[in-house]
Amino acid sequence: MIAASAALVALTGCDLSRPKFHGLDISGTAYGRDLRLPDAEGHLRQLADFRGKVAAVFFGYTMCPDVCPTTLANWAQVKKLLGADGARLQVLFVSVDPRRDQPIIKQYVSAFDASFIGLVPASDQQLADTARDFNVYYRKVPGPTPTSYTMDHTAASYIYDPQGRLRLATRPGESPQGMADDVRLLLSGQ
């Protein structure tokens, strides 16, 4: 019986020693290795600044009508669900619309949680390079007036463990409880 179970595990490629995450396990991927962007005050932030914490990186924009506010609200709920461990979670919101977002991004992200940090690429090239490094899609969608455009963008959050390694991607609609469970696993060293 034990031999049959071992054979089944080997055939299916399951690794019973790996933790079971709610989010997509992307450990070992070749993208999202680092992040170096200015915050709302112009201070350069990088992933190494948040070692010892779980960092969640989400790309979006402040005028987003649905995915961005929902995702940030979910991360705020995750922080509450973590209780005291919520202080060991850092959410980083990367703007894909820097020109409109720069003046208001700090106020926007802090409306969800005062600890959340908004990052604003300093140039179109820096945004393009960062998006490419993270395998993130974004595109301006014209609206009825030049200032009423929207932005299509990747809607996943990228989650780093306390050692700064990219481990998970969450999909839109992931439950805050599932996200909190994943953060707890990463905080415990899984």
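Computed from heavy atoms alone, side chains included, the values below leave out hydrogens, waters and symmetry copies. All residue numbers in this chain count up from 1 along the given sequence.
Hydrophobic clustering (side-chain heavy atoms under 4.5 Å, transitive across Ile, Leu, Val, Met, Phe, Trp, Tyr) keeps Leu186 apart from Leu166. There is no path of hydrophobic side-chain contacts, each under 4.5 Å, that joins Val109 to Val136. Ile104 and Phe116 end up in different hydrophobic clusters when Ile, Leu, Val, Met, Phe, Trp and Tyr side chains are linked at under 4.5 Å. Residues Ile117 and Leu47 fall within the same hydrophobic cluster, defined by Ile, Leu, Val, Met, Phe, Trp and Tyr side chains chained together at heavy-atom separations under 4.5 Å. Placement of Tyr160 and Ile26 within a single hydrophobic cluster is found when ILVMFWY residues are connected by side-chain heavy-atom separations under 4.5 Å, directly or transitively.
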Check the pair Met63, Thr150 against side chain to side chain contact (heavy atoms under 4.5 Å, CB included), reporting the backbone distance first and the verdict last. CA-CA 7 Å; Met63 303 292 183; Thr150 59; over 6 Å; no
Checking side chain to side chain contact (heavy atoms under 4.5 Å, CB included) for the pair Leu185/Phe21: CA distance, chi angles, key distance, verdict? CA-CA 8 Å; Leu185 280 173; Phe21 292 110; 3.8 Å; yes
Test ring-ring contact (aromatic ring centres under 6.0 Å, His included) on Phe93 and Tyr108 and set out the steps. CA-CA 10 Å; Phe93 180 77; Tyr108 179 76; 5.8 Å; yes
Give the intermediate values and the outcome of side chain to side chain contact (heavy atoms under 4.5 Å, CB included) for residues Glu174 and His22. CA-CA 8 Å; Glu174 182 75 45; His22 296 274; 3.2 Å; yes
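Across Cys64 and Pro69, no two heavy atoms sit closer than the pair O-CD, 3.6 Å. Between Leu168 and Gly23, the shortest heavy-atom distance links the atoms CD2-O, 4.3 Å. Here the shortest heavy-atom pairing between Ser95 and Pro121 reads O-CD, 3.4 Å. Contact between Ser148 and Pro144 at its shortest, heavy atoms only, is OG-CD, 3.2 Å. Counting all heavy atoms, side chain and backbone alike, Arg167 lies closest to Asp25 at O-OD1, 3.3 Å.
Distance check, rounded to the nearest 0.5 Å: CE of Met151 to CZ of Arg100 gives 8.0 Å. Interatomic distance, CG of Asp182 versus CD of Gln190, reported as 11.0 Å (0.5 Å rounding).
The backbone N or O of Ala122 lies less than 3.5 Å from a partner atom in the side chain of Gln126, making a donor-acceptor pair. Without hydrogens or angle criteria, Ser110 side chain to Gln107 main chain gives a donor-acceptor distance under 3.5 Å. Side-chain N or O atoms of Thr70 include none that pairs as donor or acceptor with a backbone N or O of Val67 at under 3.5 Å.
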Side-chain donor-acceptor pairs of residues 72-89 under 3.5 Å, sequence neighbours excluded:
{"from": "Trp75", "atom 1": "NE1", "to": "Ser157", "atom 2": "OG", "distance (Å)": "3.0"}
{"from": "Lys79", "atom 1": "NZ", "to": "Asp113", "atom 2": "OD1", "distance (Å)": "3.1"}
{"from": "Lys79", "atom 1": "NZ", "to": "Ser115", "atom 2": "OG", "distance (Å)": "2.7"}

Please output the side-chain donor-acceptor pairs of residues 30-40 that fall under 3.5 Å, not counting sequence neighbours, one pair per line with the distance.
{"from": "Arg33", "atom 1": "NE", "to": "Thr29", "atom 2": "O", "distance (Å)": "3.4"}
{"from": "Arg33", "atom 1": "NH2", "to": "Thr29", "atom 2": "O", "distance (Å)": "3.0"}
{"from": "Asp34", "atom 1": "OD2", "to": "Arg36", "atom 2": "NE", "distance (Å)": "3.1"}
{"from": "Asp34", "atom 1": "OD2", "to": "Arg36", "atom 2": "NH2", "distance (Å)": "3.2"}
{"from": "Arg36", "atom 1": "NH1", "to": "Gln46", "atom 2": "OE1", "distance (Å)": "2.3"}
{"from": "Arg36", "atom 1": "NH2", "to": "Gln46", "atom 2": "OE1", "distance (Å)": "3.4"}
{"from": "Asp39", "atom 1": "OD1", "to": "Glu41", "atom 2": "N", "distance (Å)": "3.0"}
{"from": "Asp39", "atom 1": "OD1", "to": "Gly42", "atom 2": "N", "distance (Å)": "3.1"}
{"from": "Asp39", "atom 1": "OD1", "to": "His43", "atom 2": "N", "distance (Å)": "2.9"}
{"from": "Asp39", "atom 1": "OD2", "to": "Arg45", "atom 2": "NE", "distance (Å)": "3.1"}
{"from": "Asp39", "atom 1": "OD2", "to": "Arg45", "atom 2": "NH2", "distance (Å)": "3.3"}

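The stretch residues 146-156 participates, sequence neighbours left out, in these salt bridge (Lys or Arg N to Asp or Glu O under 4.0 Å) pairs: Arg139-Asp152. The salt bridge (Lys or Arg N to Asp or Glu O under 4.0 Å) pairs that include a residue from residues 48-65 number zero, where partners must be two or more places apart or lie in different chains.
With a 4.5 Å cut-off on side-chain heavy atoms, Gln90 and Val57 do not count as touching. Counting only heavy atoms from C-beta outward, the side chains of Val183 and Met179 never approach each other to under 4.5 Å.
Each of Thr130, Leu119, Thr154 was scored for a side-chain contact (heavy atoms from CB on, under 4.5 Å) with Phe59, with one residue passing: Thr130.
For Tyr61, the ring pair (Phe, Tyr, Trp, His ring centres under 6.0 Å) partners are His153, not counting sequence neighbours. Arg165 pairs by the side chain to side chain donor-acceptor pair (under 3.5 Å) definition with Asp161, Gln163, not counting sequence neighbours.
Side chains of Asp97 and Tyr138: no donor on one and acceptor on the other come within 3.5 Å.
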